[in-house]
Amino acid sequence: MKLKTNRRQLLIGAAATLALPAYIRRANAQGVTRVAGVHMSPVENAWNSRIHLALQEAAAAGQIEYEFSEGVAPTDYPRAMREYAEGGAQLVWGEAYAVEREAREVAGDYPDTAFLMGSSGGPEGDNFGVFGTRNHEAAYLAGMLAGKMSESNVFGSVGGYPIPEVNLLINAFRMGVTEVNPDATFLNGFIGAWFDPARAKEAAMAQIDAGADILFGERIGTADAAQERGIKAIGSLIDYTPRYPGTVFANAIWNYGPTIDAIVADIQAGNPVGRDYTEYSFMSYGGNELIYVADEVPAEAIPAMEAKQAAITAGEWDVPINNDEPA
């Protein structure tokens, strides 16, 4: 289901306010921020679903107006961005990982439109903001639980591509495991796709055959293999437990709402948005959290995890960020 707005109704050009940037004029006139999302994957994809849900919730709360496109190929991506910018969107949300140069060129052509892009690069100018996915703190905590649960001491993980945002997540999980289980060994596979459950399941099966009895599923499909083979799995970004009861015992949840709150506040205040919004994904802002099934976790594993969680939330300890590609 798409939440749509009428572009013509939102085009404003009052002569008395022409000195202001366009996206500020529109914010002042409407009181809500008009957001257009350009999703490369279907919005059911785990990563996109978290952003899509948060944008829908912000729209339902009257904070923004939201329309979106999904399944937009990289070759068509710049055109979609331009159409939304020309159609009156105050904020164009997107994912620039496969189109970094092109996305930045579009933003440069529309200096009065705010852009917020998932990106491995930095912000640019006054209107190109970036964010990175940071549920690594929750992944670390999940690793602390998993480290006490394995019988083989072999832990697997399945990722999409070896970009920094994926690498640091898998590495954080491994660090959490190692903190409580220094004898652990690790397997990893990248499937070369953001949404290919069949390929993720196949990669996970290979790791199970190699001895892994707990899997970290950065990609959808990993838990299917775990369920079929009767081992345990950890979900990432969303809560997979209802879909895989008895298999997925913990989830490193990503909450995108704090990021939306931050950039909308900047737009409404007339502040430049050319900055890095990644910090709002951290646990201290409520940007990520661990959800787990206590009955499926050894009781002795929980106190150490909870102590570390309290230290992270209070800003007393930081999960190390390691962007290196995991072997």
Side-chain angles (χ1 to χ4, degrees), residues 134-160 162 164-191 200-219 221-237 240-241 244 246-253 283 288-309 311-312 317-327:
R134 294 292 187 272
N135 57 326
H136 65 298
E137 295 161 315
Y140 184 99
L141 298 175
M144 290 184 68
L145 297 179
K148 292 291 190 179
M149 297 174 62
S150 174
E151 296 181 1
S152 68
N153 278 345
V154 180
F155 300 80
S157 54
V158 178
E165 288 77 7
V166 175
N167 295 344
L168 70 87
L169 182 64
I170 294 172
N171 288 330
F173 164 71
R174 291 181 172 189
M175 284 186 278
V177 171
T178 303
E179 176 170 331
V180 300
N181 184 353
D183 296 324
T185 59
F186 300 96
L187 303 171
N188 183 67
F190 291 105
I191 63 173
K201 180 180 179 181
E202 181 181 359
M205 286 289 195
Q207 292 176 16
I208 297 170
D209 289 340
D213 64 354
I214 295 182
L215 299 176
F216 182 82
E218 195 272 329
R219 290 293 98 190
T222 308
D224 293 293
Q227 185 178 58
E228 186 171 315
R229 292 294 185 88
I231 69 166
K232 297 294 186 179
I234 295 168
S236 178
L237 302 175
Y240 288 95
T241 305
Y244 303 97
T247 297
V248 174
F249 68 93
N251 300 273
I253 303 294
M283 197 168 282
N288 76 96
E289 61 181 317
L290 175 68
I291 293 177
Y292 67 98
V293 183
D295 291 343
E296 298 182 16
V297 175
E300 65 271 17
I302 295 176
M305 181 278 293
E306 289 184 338
K308 188 68 74 173
Q309 179 176 252
I312 294 169
W317 188 79
D318 295 326
V319 175
I321 292 179
N322 179 359
N323 292 327
D324 294 340
E325 180 177 343

All ring pair (Phe, Tyr, Trp, His ring centres under 6.0 Å) counterparts of Tyr140, not counting sequence neighbours:
Trp317
What pairs of residues pass the side-chain hydrogen bond (donor to acceptor under 3.5 Å, both in side chains) test when at least one of them lies in residues 204-213, not counting sequence neighbours?
Ser150-Asp213, Ser152-Asp213, Asp209-Arg229
Is there a donor-acceptor pair under 3.5 Å between the side chain of Glu137 and the backbone N or O of Val319?
no
Not counting sequence neighbours, which residues clear side-chain hydrogen bond (donor to acceptor under 3.5 Å, both in side chains) with Glu228? List them please.
Lys201
With sequence neighbours left out, what residues match Ala203 under side chain to side chain contact (heavy atoms under 4.5 Å, CB included)?
Val158, Ile191
Between Leu145 and Ile234, is there a side-chain heavy-atom distance shorter than 4.5 Å?
no
Between Asn135 and Ser236, which heavy-atom pair has the shortest distance, and what is it?
ND2-OG, 3.1 Å
Without placing hydrogens or testing angles, list every side-chain donor-acceptor pair under 3.5 Å for residues 165-172, not counting sequence neighbours.
from, atom 1, to, atom 2, distance (Å)
Glu165, OE1, Ser120, OG, 3.2
Asn167, ND2, Pro162, O, 3.3
Asn167, ND2, Ile163, O, 3.4
Asn167, ND2, Asn323, O, 2.9
Asn171, ND2, Asn167, O, 3.1
Asn171, ND2, Asn322, O, 2.8
Asn171, ND2, Asp324, O, 2.8

The criterion is side-chain hydrogen bond (donor to acceptor under 3.5 Å, both in side chains); which residues satisfy it with Thr222, sequence neighbours excluded?
none
With sequence neighbours excluded, what pairs up with Phe186 under the ring pair (Phe, Tyr, Trp, His ring centres under 6.0 Å) test?
Phe155
Atom of Ala204, atom of Leu215 and distance for their closest heavy-atom approach
CB-CD1, 3.7 Å
Looking only at heavy atoms, the pair that brings Ala212 and Gly156 closest together is CB-N, 3.8 Å
So which atom in Asn181 and which in Asn153 form the shortest heavy-atom distance, rounded to 0.1 Å?
ND2-OD1, 2.8 Å
Quick one: list whatever passes side-chain hydrogen bond (donor to acceptor under 3.5 Å, both in side chains) with Glu325, sequence neighbours left out.
none
For the student: nearest non-hydrogen atoms of Gly235 and Tyr240, plus distance:
CA-CD1, 3.6 Å
With rounding to the nearest 0.5 Å, note down the distance linking CE in Met283 to CG in Asp318.
11.5 Å
Are more than 12 heavy atoms from other residues, nucleotides or ligands located less than 6.0 Å from atom CD of Glu289?
yes
Applying side chain to side chain contact (heavy atoms under 4.5 Å, CB included), name anything that partners Ala210, two or more places apart in sequence or on another chain.
Leu187
Can you name the residues that form a side-chain hydrogen bond (donor to acceptor under 3.5 Å, both in side chains) with Gln309, not counting sequence neighbours?
none
For the student: nearest non-hydrogen atoms of Ala233 and Ala226, plus distance
CB-CB, 3.8 Å
Show me the side-chain donor-acceptor pairs of residues 290-302 shorter than 3.5 Å, one per line, residues at least two apart or across chains.
from, atom 1, to, atom 2, distance (Å)
Glu296, OE1, Lys232, NZ, 3.4

Partner residues of Lys308 under the salt bridge (Lys or Arg N to Asp or Glu O under 4.0 Å) criterion, sequence neighbours left out:
Glu179
